[in-house]
Colleague: 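What follows is a single structure, and I will ask about it in a moment.
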Amino acid sequence: MRWSQLFIPTLREVPAEAEVVSHQLLLRAGFIRQLGAGIYSYLPLARRTLQKIERIIREEMERIGAQEFYLPALHPAELWQETGRWTEMGDNMFRLKDRTGRELCLGMTHEEVFTSIARNELRSYRDLPQLWYQIQVKFRDEPRPKAGLLRVRQFTMKDSYSFDLDANGLEKSYRLHEQAYRRIFDRCGLEYTVVQAESGAMGGSESEEFMVRTDAGEDMVVSCACGYAANLERAVSCLVPITDDPAERSPELVHTPQQKTIQEVSEFLKVPKSRQIKSLVYVVESKPALILMRGDHQLNESKLSRAMETDQFRPATPDEIRDLFGADPGSLGPVGMQGKGVAIIADLSLQNRRNLICGANRDHYHLLNVTAGIDFTAAFYDLRRVEAADPCSCCGRPLDIFKALEVGHIFKLGYKYSRSMKATVLDPEGKEVPIIMGSYGIGLERIMAAAVELYHDEAGIVWPRSIAPFQVLITLLGTQENQKQLAKRIYDALNQMGIDCLLDDRDERPGVKFKDAELIGVPVRVTIGKKFEQGKVEIFCRSQRELREVDADEALLEIIRALGD
RNA sequence: CGGGGCGUGGCGCAGUUUGGUAGCGCGCACGGUUCGGGACCGUGAGGUCGGAGGUUCAAAUCCUCUCGCCCCGACCA
């Protein structure tokens with residue numbers, strides 16, 4: 001393509017609203033424009049990059065035998081009511097009514113629609129397995145869209161769904177997807193980590209996320225050199241053992257005036273935080289619960305959710321706490337709370353601990369010598385948030401925690417949708433059994449944005465070759481006829497070889513062409529200019545920022561070689 | 001939803017405290033000189049200052065309401 005005929009509105013300055021690098025560069029390089037909060041238009045360069053991503057995805061999905069569909073984005077409410085997600089999705093779902101008042105929504109994901117096809121058409125175990133996918137627009141009314149393309153309200157997703165007879169089949173479909181995803185992200189040039197994840201509102205058991213490490217991301221990933229990696233929401237770690245005073249003592253009231261926080265009590269009583277009990281009060285499905293953590297630990301609410309088997313909970317208000325405990329936060333504890341209608345649950349780190357310190361449920365007082373299992377009882381769960389440098393539960397080495405962006409997610413759904421929507425087949429014995437399902441998603445624009453986050457410099461974007469909008473840019477500086485002819489020859493030859501090539505034939509000064517070239521990030525640039533008089537052209541590799549002078553006759557060969565580097 | 005910030009030509013901003021009828025840089029158009037790292041000179045176009053209402057002789061500026069966008073938090077398949 002000729003630059004003079006392409007719409008590439010580059011910007012010299014960074015638009016004020018762009019904070020993260022990928023947003024700034026994609027705007028400046030003329031890939032995207034914003035239409036509203038979390039709503040973006042994709043201009044020709046972005047289309048080219050996204051189409052390359054799509055193509056890679058299609059090839060890899062076909063490779064595992066998946067079949068492409070194209071389903072509606074507009075869904076009748078009844079479908080979502082069947083699975084309960086019409087309510088469950090809450091305000092995150094865009095809802096609308098048609099002219100007759102019928103309720104509809106814009107699809108956030110397509111389990112319901114794909115399952116509705118499956119239940120109507122799949123009759124026999126002989127029809128299984130099926131791997132179905134599509135590349136579709138999704139709508140989510142995010143409470144807070146942000147960071148350019150990283151969190152938006154309309155985006156493109158490759159979503160696929162597997163339908164199997166049994167758990168073994170699901171395992172197979174799931175692993176096929178894992179492999180396909182690895183190949184997709186490898187081919188897109190991304191560095192990523194596969195982490196154990198929560199399945200959240202998708203339902204289901206096993207789930208892994210494909211994460212790209214970047215500070216622009218919103219997730220926290222815990223990882224270890226041994227290969228262990230998990231989303232912070234479900235990460236586990238070991239604890240350095242603590243030896244308590246073994247003596248058998250009874251709780252002892254101690255005056256702790258104005259000492260409320262763990263820190264204050266620790267200093268006041270000269271006792272380490274790890275020997276205190278942190279008491280948190282939550283309201284879980286409208287019933288009060290006392291949650292006990294070690295003094296120096298943080299509660300992980302995802303783990304609480306799993307332990308309580310509900311996501312309906314919130315911290316109690318100060319008034320509620322006073323009514324229940326007769327004291328304010330800062331002086332709370334489990335002793336004497338048995339049988340008062342307050343559920344007591346505790347983190348595993350408190351199990352078998354002796355002679356600890358907790359609030360006395362009386363303002364300005366704490367209790368010494370509180371022993372788990374004797375002075376209070378509790379249901380124990382893993383509720384602790386992993387901290388950086390905790391020992392890895394697999395190998396004991398210190399864990400690393402970093403921010404990351406989720407670009408893909410695979411789930412074993414199990415029977416959640418097939419049961420609620422009655423998608424069944426007859427098994428070999430002629431018995432009707434529900435289909436077991438998996439679902440798998442990749443965010444296309446996120447791949448594009450993640451690549452920019454990962455690969456850029458002060459001058460602009462440095463695209464991985466596989467998803468660059470063009471692979472080669474011919475920067476024509478000279479105005480002489482023979483230079484133009486050379487440019488044209490190279491351009492035609494590359495096109496004939498199927499190499500995407502952009503010819504900068506604009507009537508612009510060299511400086512402008514060079515700056516724009518680096519901004520849009522094309523991997524290989526050929527400059528035809530003043531060196532041409534000595535029969536030379538220049539080849540510039542964007543990633544290494546390396547300039548090579550080569551004979552004009554060899555230009556084509558050298559370009560191909562540069563692409564291979 | 002809570003907290004904070006910002007809306008002034010296409011982009012980046014000043015002007016708002018102290019009301020007096022809108023300015024700078026970039027970009028854009030035309031002419032000329034330039035032409036290897038975002039050129040220079042000259043001329044010019046382009047803004048009901050997010051919107052509505054109010055105060056005032058007079059509002060970008062003060063007051064009320066409202067809309068939009070960004071950031072932090074809450075939330076997040």
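Just so we're on the same page: letters track the sequence lines, and every chain starts at 1.
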Colleague: Tell me every residue that passes side chain to side chain donor-acceptor pair (under 3.5 Å) with A:Glu68, counting only those two or more places apart in sequence or in another chain.
Modeller: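 With sequence neighbours excluded, A:Glu68 shows a side chain to side chain donor-acceptor pair (under 3.5 Å) to A:Arg58, A:Tyr133, given in chain and number order.
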
Colleague: Who is the Watson-Crick or G-U wobble partner of B:U33, with both distances under 3.5 Å?
Modeller: B:A39

Colleague: Residues two or more places apart in sequence or in another chain: which of them pass side chain to side chain donor-acceptor pair (under 3.5 Å) with A:Lys278?
Modeller: none

Colleague: With sequence neighbours left out, which residue pairs that include part of residues 502-553 of chain A fulfil the ring pair (Phe, Tyr, Trp, His ring centres under 6.0 Å) condition?
Modeller: none

Colleague: For nucleotides 1-9 of chain B, list the nitrogen or oxygen atoms of the protein found under 3.5 Å from its nitrogen or oxygen atoms, one pair per line.
Modeller:
none

Colleague: Determine the contact category for A:Gly441: base if any of its heavy atoms lies under 4.0 Å from a base atom, sugar-phosphate if only primed atoms, P, OP1 or OP2 are that close, otherwise nothing.
Modeller: nothing

Colleague: Could you state the CD-P distance from A:Glu142 to B:C71, rounded to the nearest angstrom?
Modeller: 13 Å

Colleague: Quick one, A:Asp551 with A:Lys536, criterion side-chain contact (heavy atoms from CB on, under 4.5 Å). Give me CA distance, side-chain angles, the key distance, then yes/no.
Modeller: CA-CA 4 Å; A:Asp551 287 340; A:Lys536 303 279 191 188; 2.9 Å; yes

Colleague: To the nearest Å, give me how far apart CE (A:Met220) and P (B:C75) are.
Modeller: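 The distance from CE of A:Met220 to P of B:C75 comes to 16 Å, rounded to the nearest Å.
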
Colleague: Expressed in angstrom and rounded to an integer, what is the separation of A:Glu218 atom CD from B:C71 atom P?
Modeller: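 Taking atom P of B:C71 as the reference, CD of A:Glu218 is at 10 Å.
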
Colleague: Would you mind reading off the distance between A:Arg33 atom CZ and B:C11 atom P, rounded to a whole angstrom?
Modeller: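 Atom CZ in A:Arg33 sits about 9 Å away from atom P in B:C11.
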
Colleague: Is there a Watson-Crick or G-U wobble partner for B:C6 with both distances under 3.5 Å, and if so, which one is it?
Modeller: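 Because both required distances fall under 3.5 Å, B:C6 counts as paired with B:G68.
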
Colleague: Considering all heavy atoms of both residues, which atom of A:Cys541 and which atom of A:Gln544 are nearest to each other, and what is their separation?
Modeller: CB-NE2, 3.1 Å

Colleague: Kindly write out the residues that satisfy ring-ring contact (aromatic ring centres under 6.0 Å, His included) with A:Trp132, not counting sequence neighbours, or none if the list is empty.
Modeller: A:Phe69, A:Phe163

Colleague: Could you give the distance separating B:G50 and B:A14 at their P atoms, to the nearest angstrom?
Modeller: 14 Å

Colleague: Under 4.0 Å between a side-chain N/O of A:Gln34 and OP1 or OP2 of B:G68, yes or no?
Modeller: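 No.
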
Colleague: Residues in side chain to side chain donor-acceptor pair (under 3.5 Å) with A:Asp553, at least two apart?
Modeller: none

Colleague: I need the minimum non-hydrogen distance between A:Ala197 and A:Asn231, along with the two atoms involved.
Modeller: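 Looks like CA-CB, 4.3 Å.
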
Colleague: Given the P atoms of B:U33 and B:G25, what is the spacing between them in whole Å?
Modeller: 25 Å

Colleague: Could you measure between the two C1' atoms, the one in B:C49 and the one in B:A59, and give it in whole Å?
Modeller: 11 Å

Colleague: Using a cut-off of 4.0 Å on non-hydrogen atoms, how would the nucleic acid contact of A:Ala517 be classed: base, sugar-phosphate, or nothing?
Modeller: nothing

Colleague: Could you work out the separation of B:C13 and B:U18 based on their P atoms and round it to a whole Å?
Modeller: 25 Å

Colleague: Can you name the residues that form a salt bridge (Lys or Arg N to Asp or Glu O under 4.0 Å) with A:Arg545, not counting sequence neighbours?
Modeller: A:Asp457, A:Glu518

Colleague: Taking B:U8 as the reference, what is the distance to B:U56 when you measure between their C1' atoms (whole Å, please)?
Modeller: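 Nearest-Å result for B:U56 against B:U8 at atom C1': 22 Å.
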
Colleague: I'd like to compare against my own output: the B/S/- annotation of nucleotides 36-47 of chain B with a strict under-4.0 Å heavy-atom distance to protein.
Modeller: BBBB--------

Colleague: Taking the six-membered ring for Trp, are A:Tyr417 and A:Trp80 ring centroids under 6.0 Å apart?
Modeller: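 No, ring centres 6.0 Å or more apart.
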
Colleague: Sticking with atom C1', work out how far B:G7 lies from B:A52, rounded to a whole angstrom.
Modeller: 16 Å

Colleague: Does B:G47 pair with anything, Watson-Crick or G-U wobble, both distances under 3.5 Å, and if so, with which nucleotide?
Modeller: none

Colleague: Across all strands, who's sitting opposite B:C1 as a Watson-Crick or G-U wobble pair, both distances under 3.5 Å?
Modeller: B:G73

Colleague: Taking side chain to side chain donor-acceptor pair (under 3.5 Å) as the test, write out the residues that go with A:Tyr42, two or more places apart.
Modeller: none

Colleague: Can you tell me the pairing partner of B:C11 across any strand shown, Watson-Crick or G-U wobble, with both distances under 3.5 angstrom?
Modeller: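 Per the H-bond distance test, B:G25.
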
Colleague: When you compare B:G5 with B:C75, how far apart are their P atoms, in angstrom units rounded to a whole number?
Modeller: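 Straight-line distance between the two P atoms is 24 Å.
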
Colleague: Please report, rounded to the nearest Å, how far the P atom of B:C70 is from the CG atom of A:Leu35.
Modeller: 12 Å

Colleague: Which one is paired to B:A60, where only Watson-Crick or G-U wobble pairs with both distances under 3.5 angstrom count?
Modeller: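 Partner of B:A60: none found under 3.5 Å.
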
Colleague: Roughly how many Å apart are B:G4 and B:G38, using the C1' atom of each and rounding to a whole number?
Modeller: 35 Å

Colleague: Provide, to the nearest angstrom, the distance between the CG atom belonging to A:Leu27 and the C1' atom belonging to B:C69.
Modeller: 13 Å

Colleague: Could you check A:Met157 against A:Arg153 and say which one's nearest nucleotide on RNA chain B is further toward the 5' end?
Modeller: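 The residue mapped nearer the 5' terminus is A:Arg153.
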
Colleague: Check every atom of B:C72, B:C11, B:C69 against the side chain of A:Lys146 and return the nucleotide holding the closest atom.
Modeller: B:C72

